[in-house]
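Notes for the one structure printed next.
Fair warning: this is a prediction, and the values are worked out from it, not measured in the lab.
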Amino acid sequence: MVTPDLLGPVAGRVPDVERIAVLRANALGDFIFILPALDSLRAAYPEAEIVLLGAPWHAKLWRDRPGPVDRVLVVPPAPGIRHPEQGEPESSMDDFLAAARKERFDLALQLHGGGANSNPVVADLGARVTAGLRAEDAPPLDRWIRYVYYQHEVIRYLEVAALVGAPATTVVPTLSLTDADRAEAAEVLGPPRRPRVALHPGATDTRRRWPAERFAEVARELVADGYEVLVTGTPAEREVVDRVVAVAGVPLRPQVGTLSLGGLAGCYAGCELVISNDTGPLHLAAAVGTATVGIYWVGNLITVANLLRGRHRPISSWTVRCPVCGVDCTPGIYPHRPGDGECPHRDSFVTDVPVVEVVEAARELLRPEPGAP
């Protein structure tokens, strides 16, 4: 049976569901995007146990955290599934699947990507019904929807949830804070001296990095406006954080590796605004309810930018040609169009975003006019 929903068709619910497996084992932002789909599954199957097949960091983040995930099973590193974390012991996918089959999952959902590597893993869980995405090079599951690259990630995974009778209940990713999150942030940061704003100038993909010098300019404006400015980063991003602090020439508070992921959530929840490249911490900030200004390459604006505008301002770069070699980097998924589509360079694609646009967006959110959110 198929019934209508605000996002399209919804299949009938699967009867007698006691345990649901959901594969999503990649990075922070990727996980944030499936939260509405998890909420939909929880609403449709309120008595079922929802088990996330994720990475070790998922298990840490979800420990004692309210929300739609009941338990995390750590899936081993494997091509197309996830990379090993530092110091992680070796483990076998065959052993993992053998143990997972003993869980007797009723539903298994692939919310991981195109499915070339992940669909075989989901199919081998032995669930009564499997569902997920399918790119052209991926094997099918029992119920599947075509993976189309330029689709918003939140909507993509809501469509998968609908395949098993779980209509959308929200399009807004929301992550609950814990007392431990707030306590850690308070212990590390202390009480705010002035209203806080956080900048996050890093991103794993350097093509998504706005220049550190631009973040420094924004920091100077915000300090002059009376804000206490934090600059957050992972240990791998220490160099870019240090560059922002050095160039800004005003008192900033760098936070590199000082907070756990939960503590970072608590930190952002205590900020008036987070300004960031398109990377996991930006989406984390929005998920805990903080206003954001995000700097996006146009393709990523389509696929991951926050859908709301009351408290979120995604600012787009429109660069589509590599700034080094001039190759048009968009035709890769459109084989009938001219162009190379790929190049080896990783220089920033977002340098055309001017500082003034970011500062104006920040001030609009920090000083809303009467009647605005």
Quick check for you: to the nearest 0.5 Å, what is the distance between [X] atom [atom1] and [Y] atom [atom2]?
{"X": "Leu175", "Y": "Phe31", "atom1": "CG", "atom2": "CZ", "result": "7.0 Å"}
{"X": "Arg208", "Y": "Arg346", "atom1": "CZ", "atom2": "CZ", "result": "11.0 Å"}
{"X": "Asp124", "Y": "Arg101", "atom1": "CG", "atom2": "CZ", "result": "6.0 Å"}
{"X": "Leu301", "Y": "Tyr150", "atom1": "CG", "atom2": "OH", "result": "11.0 Å"}
{"X": "Leu109", "Y": "Ile50", "atom1": "CG", "atom2": "CD1", "result": "9.5 Å"}
{"X": "Leu111", "Y": "Leu53", "atom1": "CG", "atom2": "CG", "result": "10.0 Å"}

Tell me whether the count of non-hydrogen atoms from other residues, nucleotides or ligands lying under 6.0 Å of [atom1] in [X] goes above 12.
{"X": "His345", "atom1": "NE2", "answer": "yes"}
{"X": "Glu239", "atom1": "CD", "answer": "no"}
{"X": "Arg243", "atom1": "CZ", "answer": "no"}
{"X": "Glu85", "atom1": "CD", "answer": "yes"}

Do [X] and [Y] sit in one hydrophobic cluster, given that two such residues count as connected whenever their side-chain heavy atoms are within less than 4.5 Å of each other, even indirectly?
{"X": "Trp297", "Y": "Trp318", "result": "yes"}
{"X": "Val244", "Y": "Val350", "result": "yes"}
{"X": "Val359", "Y": "Leu252", "result": "yes"}
{"X": "Val218", "Y": "Val356", "result": "no"}
{"X": "Leu41", "Y": "Val14", "result": "yes"}

Donor-acceptor contact below 3.5 Å, side chain [X] vs main chain [Y]:
{"X": "Arg311", "Y": "Leu308", "answer": "no"}
{"X": "Glu217", "Y": "Val355", "answer": "no"}
{"X": "Asn119", "Y": "Pro139", "answer": "yes"}
{"X": "Arg19", "Y": "Glu103", "answer": "yes"}
{"X": "Arg313", "Y": "Ala361", "answer": "no"}
{"X": "His283", "Y": "Gly280", "answer": "no"}
{"X": "Thr170", "Y": "Val172", "answer": "yes"}
{"X": "His112", "Y": "Ser118", "answer": "no"}
{"X": "Gln255", "Y": "Leu230", "answer": "no"}
{"X": "Thr303", "Y": "Gln151", "answer": "no"}

Side-chain contact, heavy-atom cut-off 4.5 Å: [X] with [Y]?
{"X": "Leu284", "Y": "Leu261", "value": "yes"}
{"X": "Val298", "Y": "Val320", "value": "yes"}
{"X": "Val22", "Y": "Ile20", "value": "yes"}
{"X": "Val72", "Y": "Val51", "value": "no"}
{"X": "Leu38", "Y": "Val69", "value": "yes"}
{"X": "Arg42", "Y": "Asp70", "value": "yes"}
{"X": "Ile295", "Y": "Asp278", "value": "no"}
{"X": "Asp106", "Y": "Tyr45", "value": "no"}

Is it true that [Y] and [X] share a donor-acceptor pair across their side chains at a distance under 3.5 Å?
{"X": "Asp352", "Y": "Ser317", "answer": "yes"}
{"X": "Ser40", "Y": "Tyr157", "answer": "no"}
{"X": "Asp142", "Y": "Thr130", "answer": "yes"}
{"X": "Asp328", "Y": "Thr330", "answer": "yes"}

Notebook entry, point to check: Which one of Leu365, Leu222, Val229 satisfies the side-chain contact (heavy atoms from CB on, under 4.5 Å) criterion with Ile275?
Noted result: Leu222
Can you give me the closest heavy-atom contact between [X] and [Y], atom names plus distance?
{"X": "Pro76", "Y": "Ser91", "result": "CB-OG, 3.3 Å"}
{"X": "Leu264", "Y": "Leu259", "result": "N-CB, 3.8 Å"}
{"X": "Val154", "Y": "Pro36", "result": "CG1-CG, 3.8 Å"}
{"X": "Pro201", "Y": "Val231", "result": "CD-CG1, 3.8 Å"}
{"X": "Pro314", "Y": "Tyr296", "result": "CB-CE1, 3.5 Å"}
{"X": "Arg207", "Y": "Asp347", "result": "CG-O, 3.4 Å"}

What I want to find out is whether [X] reaches [Y] closely enough, with some N-O distance under 4.0 Å, to be called a salt bridge.
{"X": "Arg253", "Y": "Glu228", "answer": "yes"}
{"X": "Glu88", "Y": "Arg82", "answer": "yes"}
{"X": "Glu18", "Y": "Arg104", "answer": "no"}
{"X": "Asp225", "Y": "Arg367", "answer": "yes"}
{"X": "Glu221", "Y": "Arg363", "answer": "yes"}

Check: Can you check side chain to side chain contact (heavy atoms under 4.5 Å, CB included) on Phe33 and Val304, steps first, answer last?
Finding: CA-CA 8 Å; Phe33 304 142; Val304 301; 3.5 Å; yes
Check: Are Arg156 and Tyr147 in a cation-pi setup, meaning NZ or CZ lies under 6.0 angstrom from the ring centre and within 45 degrees of the ring axis?
Finding: yes
Next item on the list: Starting from the C-alpha separation in whole Å, work towards a yes-or-no answer on side chain to side chain contact (heavy atoms under 4.5 Å, CB included) for Val160 and Trp144.
Entry: CA-CA 7 Å; Val160 175; Trp144 58 272; over 6 Å; no
Checklist line | Evaluation steps, side chain to side chain contact (heavy atoms under 4.5 Å, CB included), between Val75 and Met93 | finding: CA-CA 7 Å; Val75 64; Met93 182 62 76; 3.8 Å; yes
Note to self: Which residues pass the salt bridge (Lys or Arg N to Asp or Glu O under 4.0 Å) test with Arg24, not counting sequence neighbours?
What the structure shows: Asp30, Glu153
Next item on the list: Under the side chain to side chain contact (heavy atoms under 4.5 Å, CB included) rule, what do Val358 and Arg214 come out as? Steps first, then yes or no, please.
Entry: CA-CA 9 Å; Val358 175; Arg214 310 272 181 90; over 6 Å; no
